[in-house]
Amino acid sequence: MKRTEIKQILSQPQIGSEVIVKGWVRTFRNDQFIALNDGSTIHNVQVVVNAQDFEENDLKRLYTGTCISVTGKVAESLGKGQNVEIIATQLEILGDCDPNEFPIQMKKTSLEFLREKAHLRFRTNTFGAVFRLRHHLAYAVHQFFNERGFFYLHSPIVTGSDAEGAGEMFKVTTLDLNEVPKDENGQVDHSQDFFGKSANLTVSGQLEAELAALALGKVYTFGPTFRAENSNTSRHLAEFWMIEPEVAFNDIIDNMDLAEDFLKYCLKYVLDHAIDDLTFLQDREAQEDKTKPMDERQAMPLIDRLKFVVENPFERITYTEAIDILMNSNHYKKKKFKYDVSWGIDLQSEHERYLVEKHFQKPVIITGYPAAIKAFYMRLNEDGKTVAAMDILVPGIGEIIGGSQREERYEVLKEKCAQFNIPEDHIWWYLETRKFGTCPHAGFGLGFERMVMYATGMTNIRDVIPFPRTPLNAEF
RNA sequence: UCCUCAGUAGCUCAGCUGGUUAGAGCACAUGACUGUUAAUCAUGGGGUCCCUGGUUCGAGCCCAGGCUGAGGAGCCA
């Protein structure tokens with residue numbers, strides 16, 4: 001007989017049928033009731049063992065974490081906490097779990113502690129819920145694009161390009177680091193390296209996605225991305241997953257529509273497919289909030305927040321309007337901003353938070369940033385001083401999406417390269433697409449973990465990726 | 001990288017103005033109970049007070065340096 005997953009037993013119970021369930025003990029209460037979880041759902045199934053039917057020595061091995069296989073009959077529960085339970089007839093211990101060594105307990109443990117036990121934290125309700133939700137979101141990403149005729153493009157992870165300037169890069173080399181070959185100028189001689197030139201881990205698949213979009217029409221990337229920045233925040237990782245759609249013939253308005261539809265689709269998908277896990281995380285957040293001061297608590301419960309985003313249009317404003325709102329705010333007049341506001345500045349975190357969390361209290365799309373503070377490939381507007389860039393800001397997270405209409409005009413792009421000190425021979429292949437059948441196109445980048453944070457309500461990005469890579473942390 | 005805060009039992013934490021043998025809850029062991037819901041009750045074992053150095057008659061507590069973690073900032077997704 002094959003095992004039945006707990007999710008199925010709980011959702012479609014067949015009273016009286018014999019089943020085999022396998023999983024990990026969460027609690028063993030009253031020497032009689034096992035709360036068993038197999039990961040298929042946040043919920044446990046209650047297994048009832050009558051002491052006289054089993055070896056006492058076996059029952060003594062049932063600790064939190066013990067892996068067991070149970071044969072038994074599905075029955076209506078006599079207790080109050082559950083509808084069905086399994087009356088055990090056979091019990092096999094598959095894996096013992098010494099409670100004196102196993103660090104995970106059913107009582108509260110801090111996320112910081114569990115982060116140091118990354119190999120075991122999957123066994124907690126919280127991380128079980130988070131990683132099931134992460135899966136659903138990833139699936140929703142592919143489904144969204146597939147339904148709209150996009151092609152999934154695998155952009156390279158190792159790249160010889162260092163032109164994007166999106167951040168510090170991790171070097172990839174097979175040179176002997178103890179005896180690095182040098183050229184006549186005393187520089188590292190990468191001609192002897194694996195690729196015959198210096199290579200790095202990618203910081204973005206965008207440029208490659210543009211190449212493909214200018215032939216396939218609509219593409220998206222969804223893969224790991226690496227930044228060697230020494231960032232120590234709850235919103236940054238050295239290795240994270242990024243989604244980058246790129247669409248030929250789209251302008252900045254189409255781009256905004258796509259991004260808004262995309263976010264709403266993914267959040268609606270988890271509302272429709274993972275409500276149990278969301279409910280657990282919502283309750284967890286509510287518990288957590290009770291320990292916080294009033295002004296740090298969530299204004300809305302998690303599920304309501306997600307529904308609100310799904311059901312309401314995002315606010316769309318220009319950078320210039322954003323600056324006006326900030327300068328006319330009481331907050332500004334009372335000099336509560338640490339950084340001053342004037343046209344031309346890069347918006348600081350405090351400014352973005354004010355706009356999103358205080359002024360609009362909903363997701364906001366800001367467009368038309370000054371050209372000087374944005375990347376070289378963004379399309380110059382007719383005013384000659386702003387670019388067709390867009391950032392989507394959400395409450396609690398800040399920037400979740402950054403995108404733009406791309407500069408498709410060869411001469412303008414060459415001029416921008418010169419302004420940004422990007423040697424043309426480094427990205428000659430990118431420039432060639434503007435020479436051979438160029439067309440307007442647009443795209444954006446979304447940090448997948450930021451979306452997982454928003455959907456789960458988790459407040460530290462290290463808790464929404466299985467094995468977070470951050471400065472000084474690559475143990476697992 | 002900068003600023004702030006923290007580090008005490010396996011976990012979550014308390015520890016007064018520097019003063020005798022460092023505490024609680026959970027976990028664990030033993031026993032009781034046996035339809036429990038993070039079961040409950042009783043008893044018990046369990047400590048490199050982050051590390052190094054200093055001040056002091058005396059340091060978990062004060063000082064200096066370091067390590068680690070968290071929050072915020074910058075960079076960004």
Side-chain angles (χ1 to χ4, degrees), chain A residues 26-35 43-52 59-60 63-65 75-82 85 87 97-117 120 124-125 164-168 203-206 224-244 259 287 291-292 296 338-339 346-350 352-353 373-375 391-394 397-403 444-454 459-465 470-473 475:
Chain A
R26 282 294 165 78
T27 60
F28 182 37
R29 284 187 294 269
N30 217 0
D31 295 338
Q32 196 178 173
F33 303 101
I34 303 167
H43 300 297
N44 305 325
V45 72
Q46 172 156 289
V47 174
V48 184
V49 288
N50 291 306
Q52 63 269 24
L59 297 184
K60 290 204 166 179
Y63 298 104
T64 296
E76 287 186 41
S77 178
L78 302 173
K80 287 199 179 103
Q82 57 284 317
E85 60 193 18
I87 312 297
C97 188
D98 184 347
N100 288 311
E101 292 182 46
F102 188 55
I104 311 295
Q105 293 172 14
M106 281 309 289
K107 299 275 175 172
K108 64 173 174 182
T109 32
S110 68
L111 296 174
E112 293 82 14
F113 173 73
L114 291 170
R115 223 168 273 153
E116 292 168 5
K117 313 282 178 207
L120 298 172
T124 63
N125 285 329
E164 218 233 341
E168 286 294 309
V203 294
S204 165
Q206 180 202 311
T225 310
F226 307 87
R227 306 269 168 98
E229 297 287 349
N230 188 12
S231 300
N232 293 285
T233 82
S234 54
R235 302 181 307 282
H236 292 86
L237 291 164
E239 176 185 295
F240 63 101
W241 286 66
M242 194 150 64
I243 297 149
E244 294 172 297
Q287 290 290 327
T291 68
K292 292 183 183 170
E296 287 176 27
K338 195 174 158 202
Y339 292 87
D346 207 350
L347 295 178
Q348 302 292 319
S349 288
E350 58 173 353
E352 295 181 348
R353 291 181 77 101
I373 60 170
K374 287 290 181 182
D391 283 356
I392 300 187
L393 313 176
V394 296
I397 310 279
E399 184 181 339
I400 194 167
I401 284 181
F444 60 84
L446 171 135
F448 183 56
E449 282 75 19
R450 299 236 173 124
M451 182 161 70
V452 181
M453 283 173 82
Y454 193 73
T459 52
N460 192 313
I461 200 166
R462 300 172 189 118
D463 296 330
V464 299
I465 188 168
T470 52
L472 302 177
N473 181 10
E475 179 69 19

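Lettering of chains follows the sequences in order, A, B, ..., and the numbering in each one begins at 1. Here the structure is a predicted model, which means the values were calculated and not measured.
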task = Supply the atom-to-atom distance A/R235 CZ to A/E449 CD, rounded to the nearest 0.5 angstrom.
result = 14.5 Å

key: Donor-acceptor pair present, A/E116 side chain and B/G69 base, under 3.5 Å   = no

ask   = Base, sugar-phosphate, or nothing: which does A/R26 touch, judged by heavy atoms less than 4.0 Å apart?
value = nothing

ask   = Quick one: OH on A/Y63 to CG on A/N100, what's the gap to the nearest 0.5 Å?
value = 7.5 Å

Rounded P spacing from B/C51 to B/A59 in Å = 15 Å

task = Quick one: look up who B/A29 pairs with, Watson-Crick or G-U, both distances under 3.5 Å, and put none if it's unpaired.
result = B/U43

note = CD1 (A/I392) and CD1 (A/I397) are apart, to the nearest 0.5 Å, by 13.5 Å

Short side-chain N/O contact to B/G10 OP1/OP2 from A/Y63, under 4.0 Å = no

message = When both hydrogen-bonding distances must be under 3.5 Å and the geometry is Watson-Crick or G-U wobble, what is B/U68 paired with, if anything?
response = B/A6

key: Protein-nucleotide distance (A/E101, atom CD; B/A27, atom C1'), rounded to Å   = 14 Å

ask   = Nearest of B/U12, B/C76, B/G71 to any side-chain atom of A/N460?
value = B/G71

message = Counting the atoms with a prime plus P, OP1 and OP2 as sugar-phosphate, which does A/Q105 contact under 4.0 Å by heavy atoms, base, sugar-phosphate, or nothing?
response = base

note = Output for pair (A/F444 CZ, A/I401 CD1), nearest 0.5 Å, gives 4.5 Å

query = Counting any heavy atom closer than 4.0 Å, what does A/F113 reach on the DNA or RNA strands: base, sugar-phosphate only, or nothing?
reply = sugar-phosphate

ask   = So does A/S349 get a side-chain nitrogen or oxygen closer than 4.0 Å to the phosphate oxygens (OP1/OP2) of B/G74?
value = yes

request  = Mind checking A/L237 for me? I need base, sugar-phosphate or nothing, with any heavy atom below 4.0 Å counting as a touch.
outcome  = base

query = If we take the C1' atom in both B/A38 and B/U20, what is their distance in whole Å?
reply = 39 Å

Validation row: A/E350, A/K338 side chains within 4.5 angstrom (heavy atoms) = yes

inquiry  = Under 3.5 Å for both donor-acceptor distances, Watson-Crick or wobble: does B/A73 have a partner, and if so which one?
reply    = B/U1

Nucleotide opposite B/U55 in a Watson-Crick or G-U pair, distances under 3.5 Å = none

message = Between B/A6 and B/G15, how far apart are the two P atoms, rounded to whole Å?
response = 12 Å

query = Could one point to a donor on the side chain of A/S231 or the base of B/C75 with an acceptor on the other under 3.5 Å away?
reply = yes

A/E112, nearest nucleotide to its side chain (from B/G69, B/G74, B/C26) = B/G69

message = Measure CD/A/E350 against P/B/C3 and give the value in whole Å, please.
response = 19 Å

message = Could you tell me how far B/G74 sits from B/G53 if I compare only their C1' atoms? Round to whole Å.
response = 34 Å

note = Between the CD atom in A/E352 and the CG atom in A/D391, the distance rounded to the nearest 0.5 Å is 7.0 Å

key: Rounded distance in Å between the P positions of B/C2 and B/A77   = 24 Å

ask   = Nearest-Å distance, NZ (A/K338) to P (B/C2)?
value = 15 Å

ask   = Atom CZ of A/R235 to atom P of B/G71: distance rounded to whole Å?
value = 10 Å

ask   = Base, sugar-phosphate alone, or nothing: which one does A/T233 contact when heavy atoms must sit under 4.0 Å apart?
value = base

task = Report the distance from atom CZ of A/R115 to atom OG of A/S110, rounding to the nearest 0.5 Å.
result = 8.0 Å

ask   = Is there a side-chain contact between A/F102 and A/L120, using heavy atoms and a 4.5 Å cut-off?
value = yes

ask   = How far does the P atom of B/U48 sit from the matching atom of B/A32, given to the nearest Å?
value = 33 Å

message = Distance check, P atoms only: B/C63 and B/C5, in whole angstrom units.
response = 12 Å

Any A/Q32 side-chain heavy atom under 4.5 Å of A/N50 side chain = yes

ask   = When you match A/Y339 and A/R462 each to their closest nucleotide on RNA chain B, which lands nearer the 5' end?
value = A/R462

request  = Look through every strand shown and name the nucleotide pairing with B/G60 as Watson-Crick or G-U wobble, where both distances are under 3.5 Å.
outcome  = none

task = Identify the nucleotide, in any strand shown, that forms a Watson-Crick or G-U wobble pair with B/G18, with both distances under 3.5 Å; if there is none, say none.
result = none

ask   = Just how far, in rounded Å, is P of B/C76 from CD of A/E352?
value = 11 Å

note = From CD of A/E244 across to P of B/A77 the rounded distance in Å is 9 Å

query = Between A/D346 (CG) and B/A73 (P), how many Å, whole number?
reply = 14 Å

Separation of the P atoms in B/A42 and B/A27, to the nearest angstrom = 13 Å

query = Can you find a side-chain donor-acceptor pair between A/T64 and A/Q105 that sits under 3.5 Å?
reply = no

Protein-nucleotide distance (A/M453, atom CE; B/C76, atom P), rounded to Å = 18 Å

B/S/- contact track for nucleotides 35-47 of chain B, protein heavy atom under 4.0 Å = BBBBB--------

query = Is A/T109 touching bases, backbone alone, or none of the nucleic acid, heavy atoms closer than 4.0 Å?
reply = sugar-phosphate

message = Among B/A29, B/A73, B/G71, which nucleotide has an atom closest to any side-chain atom of A/S234?
response = B/G71

